[in-house]
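By convention here, the first residue in the shown sequence is residue 1.
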Amino acid sequence: ASKRARAGLVSAGAATPLAAMLLSLGNAHSNTEFLTAVLECLSLLSGAGLTECQHAVRNAGAVPHLIQLMSHGSPKLSQLAADLVASLCPGDMSNAEQLFESGGIVMLAERLLGNDEAQQLQALSALSQLSADVQQAGAIVESGCLQPVLELLEHRNMELKSYAAITFGNLCANGTLSPAQLQHPSVLPHLVSMLSSSNGLAKGPAVSAIAAMAGQPHLRASVYDLGGLPGLVSLLHSDADTSYHAVQAVAQFAADERYRAALPGVGAMAPLTSLLSSHLPHVQHCSLSAVANSSFVPSAVQPLCAAGAPALVGQLLFNHDAAVQKMCLTALCNLLAAEPAAAGAALLQVGGHVALQTQLSTPAPEVQSQAAMAIGHMSRHAPAVQALLEVDTVPLLCGLLHSPVPSVQLQTVYALGALAADDEGAASAVVLAGAVAPLSTLLLSSSSPDVKGHLALTLAHVVRGNWRPVFNVGGFQALLDLLAVGSEAVQMDVAAAIATLLDDVHQRKALLADMNSVSAIVGLLSSPNESTQQHAAAALAALAEESSAREDLYRLGTLSHIIRTLTASNLRPDNAGDAAGASARVSMLASASACASSCASVFSNVGCTPASAVLACSAVLSALTSWLAASLAGS
């Protein structure tokens, strides 16, 4: 019974005669007591010298007899036989072959299928060890053991559950179970249920199998329909091996637009974020992929920010791996767009703005575009603007305005506009970096109204009312493009700049060379903004000083616009005492007066009948009379 005695007996070769006794005694019931003693001795000796006992059993050809004894009427004897089969056959090719040829695994399978818990326990105890051998594992599956093993994973007997989990784990680990077997409708539901099972030993093999099949859309759908997603998420904080496979599977669901929206609802954001700090590259890569894809879901942004994702992703952006950088930029663009203050503050703490600025110098256009977009989003957080200015971000952005890639140009335009929007110092920095010229050139060369709209907004933020530099680059055409696509505020601003420019006779003559330009200014008389009307009227009054322009102004319907605008103004109850509105109307009447000063020439040249001329002049006089009456009443 002592360890020293067992070692001595093994060295003396006691296992050989003991194995031979099995053949001489056979399976006689009268020898039960003696057989039990022999098996107990072999069992003890195998613990001291497994290899010697394997050789003894193999040389004696005793494996078939051990298998017969597994069905002996004595529970103790049959358990001892099953234990010896389980310990002596794995790892020994000859014994394993004898086990297979003599139907030992079939016998174990039959016990497994029965209702006797003791026999099931004996069989599973043996199978849990035999399944570690690839050859025996194949025979176990072929003998129909898989289904009962899966069912026993949820048995009330904890010992049975443990052996079943070990057996299943071995079958998965050594590749015995083919993908087709794991994906079979009779197996997959068991795998999914194991994810949320109380059987901790079964979860690892189950999540490993599911991770392997999650890459296929139809299997991903099956796992989701079976309720597997919450179970996978719950395993993200398990041991290293289990979380390794769990995050791999979750990343596949996050990459699928059908299921990524479900991840925030099952609490995946916090554990995924924590895995960004994993020392295992594969785990870190999968968690980053899942975070990047999940960041497209609005409901995922707040929990990601709360879990610290912006800071961790910002740190990973310093990684030199192109794939990692791309995922980081995707995540940051989405997080900063939705939560500029929270994400921007966290990113500043880890120097993420420096990483973003560095990405502007990479040769990859897609990276440049994403980095510029992220900088634009980040600039909505006021402290970030100063931080970006301090690391000389503006000159790099201005350089990207010359990129041959439209997407890079567009995101750079957005970033510069966002930087300058609420910070006068940043706007000055953009001007000093020479951005106005390329921005104006892009405005003239673009054929897209949307792109022109973005450029107009950025230019408005940058020049802050001083449109002369834009005019110096693109002339009146640039200003007229701004009128066509700009917001109401931009139109008012640009109209004022045009009115000021037209005080110069040379600029008036230059503008009159293009009647389309004049037509655009006339159209501003119909603007809902009275200040814009005033500036347009002032510009037209300046143009009307040129005698050659008056006929063209009439042809363009200037009088009609003036009549409609004055009439509408007179009908507004709040026009009295409005200095800006009065100034606008004075400018309009000055334009009409200039046209009327050469009225006969204008009307005859355009083929107007005397009656029509009288009607036109009457309309102007009527509008003027109404305005004067309103003004007098107001005063």
Side-chain angles (χ1 to χ4, degrees), residues 153-154 165 168-169 172 182-183 188-310 312-313 316 327 330-331 334-335 338:
L153 284 168
E154 297 303 322
F168 177 69
C172 289
L182 290 170
Q183 298 160 14
L188 186 56
H190 288 286
L191 288 177
V192 172
S193 67
M194 286 179 220
L195 299 176
S196 306
S197 165
S198 60
N199 189 345
L201 292 173
K203 292 181 179 181
V207 73
S208 173
I210 289 175
M213 65 178 76
Q216 301 180 54
H218 69 285
L219 294 175
R220 194 158 55 241
S222 297
V223 172
Y224 183 84
D225 292 340
L226 289 167
L229 189 55
L232 288 170
V233 171
S234 69
L235 296 178
L236 290 172
H237 277 322
S238 299
D239 59 273
D241 287 340
T242 302
S243 64
Y244 177 96
H245 294 295
V247 72
Q248 180 180 333
V250 171
Q252 293 288 351
F253 279 95
D256 193 325
E257 292 183 1
R258 297 175 297 173
Y259 308 118
R260 68 171 59 143
L263 288 170
V266 294
M269 298 303 102
L272 283 173
T273 300
S274 67
L275 290 176
L276 292 173
S277 304
S278 173
H279 66 282
L280 299 173
H282 176 78
V283 172
Q284 191 179 73
H285 193 276
C286 287
S287 60
L288 179 58
S289 172
V291 167
N293 283 315
S294 298
S295 67
F296 287 100
V297 180
S299 61
V301 173
Q302 194 280 327
L304 282 172
C305 289
L312 292 171
V313 174
L316 290 175
M327 289 187 289
T330 298
N334 291 331
L335 295 176

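Separating the OG1 atom in Thr242 from the CG atom in Leu232 is a distance of 11.5 Å, to the nearest 0.5 Å. Leu235 contributes atom CG, which lies 12.0 Å from atom OG of Ser208 (distance to the nearest 0.5 angstrom). Separating the CG atom in Leu288 from the CG atom in Leu312 is a distance of 10.0 Å, to the nearest 0.5 Å. The line from NZ of Lys203 to CG of Leu153 is 12.5 Å long, rounded to the nearest 0.5 Å. Going from atom CG of Leu191 over to atom CG of Leu226 covers 10.0 Å, rounded to the nearest 0.5 Å. Note that the OG atom of Ser274 and the CG atom of Leu272 stand 7.5 Å from one another [nearest 0.5 Å].
Legend: residues meeting ring-ring contact (aromatic ring centres under 6.0 Å, His included) with Tyr244, ordered by chain and number and at least two apart, are His282. Ser294 pairs by the side-chain hydrogen bond (donor to acceptor under 3.5 Å, both in side chains) definition with nothing, not counting sequence neighbours.
Of all heavy-atom pairs spanning Met269 and Ala300, the tightest one is SD-CB, 3.7 Å. In terms of heavy-atom proximity, Gln183 sits nearest to Leu188 at O-CB, 4.2 Å. Taking both residues in full, the closest heavy atoms of Pro205 and Gly169 are given as CG-CA, 3.3 Å, listed atom of the first, atom of the second, then distance. Nearest heavy-atom pair across Asn293 and Ala255 is ND2-CA, 3.6 Å.
Judged by distance alone, the side chain of Asp256 and the main-chain N or O of Gln252 form no donor-acceptor pair under 3.5 Å. When atom types are taken as modelled, the side chain of Ser243 and the backbone of Ala240 share a donor-acceptor pair closer than 3.5 angstrom. Under the 3.5 Å distance criterion, the side-chain polar atoms of Ser289 are left unmatched by any main-chain donor or acceptor of His285.
Applying the ring pair (Phe, Tyr, Trp, His ring centres under 6.0 Å) rule to pairs touching residues 197-225 yields Tyr224-Tyr259, sequence neighbours excluded.
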Q) Do Leu263 and Leu229 pass the side-chain contact (heavy atoms from CB on, under 4.5 Å) test, and can you show the C-alpha distance, the side-chain angles, and the key distance before you say yes or no? A) CA-CA 8 Å; Leu263 288 170; Leu229 189 55; 3.9 Å; yes
